[in-house]
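These numbers come from a predicted model, not from an experiment. Nothing fancy with the numbering, it's 1 onward along the sequence.
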Amino acid sequence: MSKHKAFKHFVSAALAAAMMLGTTTRVQADGGDFIAGAVIGGLLGAASQQPKKKTSTAPRTYSRPSLPSTQEGKEIQASLNYFGFNAGSVDGQLGKKTRDAVSAYQVYLGYPITGQLSPFEQELLISSYNRAQAGGYQTTQLVASNPEGTRGLLKMYRSEMASGGAGGATMAIVPGTTPGTTVVVNPVMPAPQAPAPAATLPSFAAATPEPTLPSFLGAGTQVSLASHCNTVSLLTNSNGGFVTEASMVDANQALNEQFCLARTYAISQGEDMISKVQGFTPDQIAAQCEGLAPPMAAQVAALSIKPRDAVLAETSTFVLNSGMSPAQLAGTAKICLSVGYRTDNMDVALASSLMLVAVGERAYGELLGHHLSQGVGVTQRPDLAQAWYEDTLTALATGVPAVFAPGQAERAGLLREASMSLNGGAPIAAPTAVVPASGTALPAFSITE
């Protein structure tokens, strides 16, 4: 199976699990939006069109407008009623009483109280109802043993979905992100298929050993970015603060400081998103993010040997074949970027950074420049790093919001000067101030976390 097909299975499984009951569309009901399977064309039951009688003194009566009944609306109401959220009669008309029941359901499960079902909330509600109905006597036993009764089944089924008990990938809506953003938190890769043994002719000659390329170096060790940043921090403290554009004499130290600063911001941003993912623990999310690296191994490897444009072209094709929207991919990548840096897994961090740049988040290209300039997770290639730095700086100059230390406008100039110097650009004049031998404080900017 090709890498693109494997990744397509990866994301298709994630999407299928969240949409098991079919595509839903948004419907307006009784003045409010509601997830349902039909489109309301208008209110029915208007006043009678009988001709007016001038001589009649009897009071006129009008029928009250009613909402159309839908089968999906009936499923929602029946499910809410089963779990003890009173939606009233099961007539398929999703009015105020049903919205109140939805709000109670959201309160119970800890979701934002909107009175409107998100696709994930509806999928959980109806699939739990169908599963409980099919369980028969086993469901009765589960309800009897659960201190929260029938409602407790919702939390139990949700936990099983979070742990992958249903055998597929699941998705979660992350509050606070772009509306409609779905983050894949349980990717499931298809099991690898063992290749069929090749037919061979009998041979009585001695086997010729396979030719191998000579190697006089070991397999190499993966650089620990956490350890690297600890060393950088010690140097920063001994120098009295961060390098600035005006005080820079060591471009490598300046880039290292900014690399570790960006790492800190990436971890913080992802952890904030993880805290808003409901139904999954951070450890469960971290375990699932490890599945992001294998299908993107070829693109990560290309970073060390191909120019930026070629790597991005391959990654963009890969992303287009994923079947996921840019918002979904960006949300997943930001969470997994945080996980990769926090767990010191550079393959996950690099795959996440590449995916973010490929979907248009150009400010993250700085990270790839840092990895290449310092040889962390990839071969050290400051010549290839320059293009990643340059594109990020160009994007920032044209108004793309900064994602790392956004309050430090002078940071872009420092990155530009340091990256050009490191790659053999124009020499940088030494600062006019004499630094005392005792190593007193250098100028430093204020870092706002």
Side-chain angles (χ1 to χ4, degrees), residues 17-47 62-135 139-140 142-143 146 148-162 166 170-176 179-182 276 278-279:
M19 305 298 289
M20 285 187 294
L21 299 178
T23 303
T24 58
T25 55
R26 185 167 296 277
V27 178
Q28 189 171 18
D30 196 21
D33 292 335
F34 214 96
I35 298 296
V39 178
I40 293 178
L43 298 177
L44 304 178
Y62 298 91
S63 59
R64 182 179 179 179
S66 61
L67 298 173
S69 173
T70 66
Q71 180 59 38
E72 191 166 0
K74 292 180 180 180
E75 291 180 351
I76 290 171
Q77 291 170 326
S79 301
L80 289 167
N81 287 339
Y82 177 81
F83 291 112
F85 307 106
N86 185 13
S89 59
V90 181
D91 56 9
Q93 297 181 5
L94 305 179
K96 183 179 184 302
K97 194 161 189 176
T98 303
R99 292 199 302 275
D100 290 342
V102 169
S103 295
Y105 162 75
Q106 291 169 329
V107 169
Y108 177 71
L109 291 178
Y111 296 132
I113 305 169
T114 63
Q116 303 166 10
L117 289 171
S118 70
F120 178 79
E121 291 166 359
Q122 182 183 350
E123 185 270 327
L124 173 63
L125 174 66
I126 297 180
S127 64
S128 296
Y129 171 70
N130 292 334
R131 182 175 174 182
Q133 291 295 302
T139 300
T140 304
L142 290 174
V143 172
N146 196 306
E148 298 184 26
T150 305
R151 290 188 180 186
L153 296 176
L154 286 167
K155 292 182 177 179
M156 184 185 72
Y157 294 156
R158 183 177 66 178
S159 297
E160 290 181 6
M161 291 173 65
T170 58
M171 300 192 298
I173 305 300
V174 181
T181 298
T182 304
K276 296 173 184 176
Q278 299 172 350

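Listed for the E121 side chain is no donor-acceptor partner under 3.5 Å among the backbone atoms of Q106. No donor-acceptor pair closer than 3.5 Å links the side chain of R158 to the backbone N or O of L124. R131 places no side-chain N or O within 3.5 Å of a backbone atom of Y157 that could act as its donor or acceptor partner. With hydrogens and angles disregarded, a donor-acceptor distance shorter than 3.5 Å links the side chain of N81 to the backbone of G88. For S89 (side chain) and D91 (main-chain N/O), no donor-acceptor pair under 3.5 Å exists by modelled atom type.
With values rounded to the nearest 0.5 angstrom, L94 atom CG is found 5.5 Å from Q77 atom CD. Atoms CG and CG, from N146 and L154 in turn, are 10.0 Å apart once rounded to the nearest 0.5 Å.
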Steps toward side chain to side chain contact (heavy atoms under 4.5 Å, CB included) verdict (Y82, L153):
CA-CA 11 Å; Y82 177 81; L153 296 176; 4.2 Å; yes
Starting from the C-alpha separation in whole Å, work towards a yes-or-no answer on side chain to side chain contact (heavy atoms under 4.5 Å, CB included) for T139 and Q133.
CA-CA 8 Å; T139 300; Q133 291 295 302; over 6 Å; no
Side chain to side chain contact (heavy atoms under 4.5 Å, CB included) assessment of F83 paired with Y108
CA-CA 11 Å; F83 291 112; Y108 177 71; over 6 Å; no
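Between G115 and S103, the closest heavy-atom pair is CA-OG, 3.3 Å. Here the closest non-hydrogen pair linking V102 and L80 is CG2-CD1, 3.9 Å.
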